[in-house]
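Everything quoted here is computed from the prediction, not taken from an experiment. Read the numbers this way: they start at 1 and go in the same order the structure lists the ligands and their atoms.
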Amino acid sequence: MKQKGRYGTYGGFYVPEVLIPAIEEIEAAFLQFQNDASFVAELNALLTHYAGRPTPLYHAQRFSEAAGCSVWLKREDLLHGGAHKTNNALGQGLLAKVMGKKKLIAETGAGQHGLATAMVGALFGMETKIFMGSVDVARQNVNVHKMKLLGAEVIPVSGGTCTLKDAINEAMRYWTANVDAFYLFGTAGGPHPFPMIVRHFQTVIGTEARRQCLDQMGRLPDFVAACVGGGSNAIGIFSAFLDDAAVKLVGVEGGGKGLDSDHHCATLNKGRPGILHGSQTYVLQDEHGQIHDTECISAGLDYPGVGPEHAYLKDTGRASYVAVSDEQVLNAFALLTRLEGIMPALESSHALAWLLAQKGTLPPDIVAVVNLSGRGDKDIGIVEEHRPIN
Ligand SMILES: *Cc1c(COP(=O)(O)O)cnc(C)c1O
């Protein structure tokens, strides 16, 4: 049984016995409906007319000059809700609907997944509870307000670092006592079947991006880069290019104040295999297996685990995983904003920062696609704190 949902040795589902029926019910429904013609048609209609797909692939020419290569942005920031999270929330929300579920629960870090779930809860008329670390409630308060306006209940979680890890713990705990609720998990991590389901609903990013590359450039890119928190936007865009051996896949983690400090979120760079939130994967932990506190500028990446498929892609070498510092991220945010009139989420700015750091090492005819996972409106307060405008 624990062999299901494996990526090499990673993945599986390590959950309390009482949750097994609930996750098996979700798995069975997903397998039944993922290719069901009317489910697919309804989801596609929502993705098109509600969420605004396809999102553009945009050639950022002024940013390209700054980076020293040709940079194309997959504009998930333009998706309804302001981030890629809407793809997954609509997919799982529709699954909950066809399963006859009336209640949604979800965890959130930066608030983008909570916001997407609250939107879908409103759309489908479902009672929605969002678990959010109290530190994140404070630093992402605009999203908290939005979730409440959408009719969701936001439950602040204190404990641990009061961030995403603790919100997931509390949501799992709540689910254990309320198995009639649908747990709408936000990233391609956690216990099987969530990595499989979230990946499935995010592959639309990669499928579109690959086709747009062929249509708009007449070729595939040399690099595809994406930020990695739990790994859903990255696996969403990587998935379509996995079989294109010449396309290099780069996942960018939160390097915080630096990888030598204890203040970072670079799980694949500095973690070791272990089990967190029901999944065998890389985990930031000490020698006794205690989970490390994480700290980086972007709440959406502030997580000591990562989706199991990324652990596998790292070990097999198909993708590489790097980290950038908070300072680099703030620079990249400022640069894209000033050069292109596009304000990226701090999460997405990690992928841009990695590209900027390659300047001078890549020939100018190199083509890089960056997944711009979300827009930066939610982050302007944090940017202002670090870089006050005088
Ligand atoms: C949530 C979020 C992320 C991180 O989550 P992944 O599952 O790693 O994609 C990245 N960017 C934005 C804009 C987010 O909201």
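- The closest approach between a heavy atom of H84 and any atom of ligand 1 is below 4.0 Å.
- Proximity of C227 to ligand 1 is established by a heavy-atom distance of less than 4.0 Å.
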Under 3.5 Å, which donor-acceptor pairs do the side chains of residues 151-158 form with other protein atoms, sequence neighbours left out?
from: E153; atom 1: OE1; to: K129; atom 2: NZ; distance (Å): 3.0

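- Annotation: atom 6 (P) of ligand 1 to nearest protein heavy atom, S232 N, 3.3 Å.
- You'll find the ring centres of H277 and F185 outside the 6.0 Å limit.
- Atoms of ligand 1 lying under 4.0 Å from at least one heavy atom of Q112, given by number and element, are 15 (O).
- Scanning the protein for heavy atoms near atom 7 (O) of ligand 1, the closest one is T187 OG1, 2.5 Å.
- Of all protein heavy atoms, the one closest to atom 4 (C) of ligand 1 is G300 O, 3.4 Å.
- Y312 OH: 12 or fewer foreign heavy atoms inside a 6.0 Å radius.
- For ligand 1, the atoms lying closer than 4.0 Å to a non-hydrogen atom of G229 are 8 (O).
- In the displayed structure, D243 atom CG is contacted under 6.0 Å by at most 12 heavy atoms of other residues, nucleotides or ligands.
- For ligand 1, the atoms closer than 4.0 angstrom to any heavy atom of A345 are 13 (C).
- Remark: ligand 1 and G374 share no N or O pair separated by less than 3.5 Å (distance only, no angle test).
- Close contacts between ligand 1 and G231 involve ligand atoms 6 (P), 7 (O), 8 (O) [criterion: under 4.0 Å to a heavy atom].
- Put simply, the side chain of Q34 never gets that close to the backbone of I197: no donor and acceptor are under 3.5 Å apart.
- Within the 3.5 Å criterion, the main-chain N or O of N87 finds no donor-acceptor partner in the side chain of Q202.
- Put simply, part of K85 is less than 4.0 Å from ligand 1, judged by heavy atoms.
- For K165, there are no side chain to side chain donor-acceptor pair (under 3.5 Å) partners at least two apart in sequence or on another chain.
- In this structure, F182 has its ring center at least 6.0 angstrom away from the ring center of W175.
- Of all protein heavy atoms, the one closest to atom 11 (N) of ligand 1 is S373 OG, 2.7 Å.
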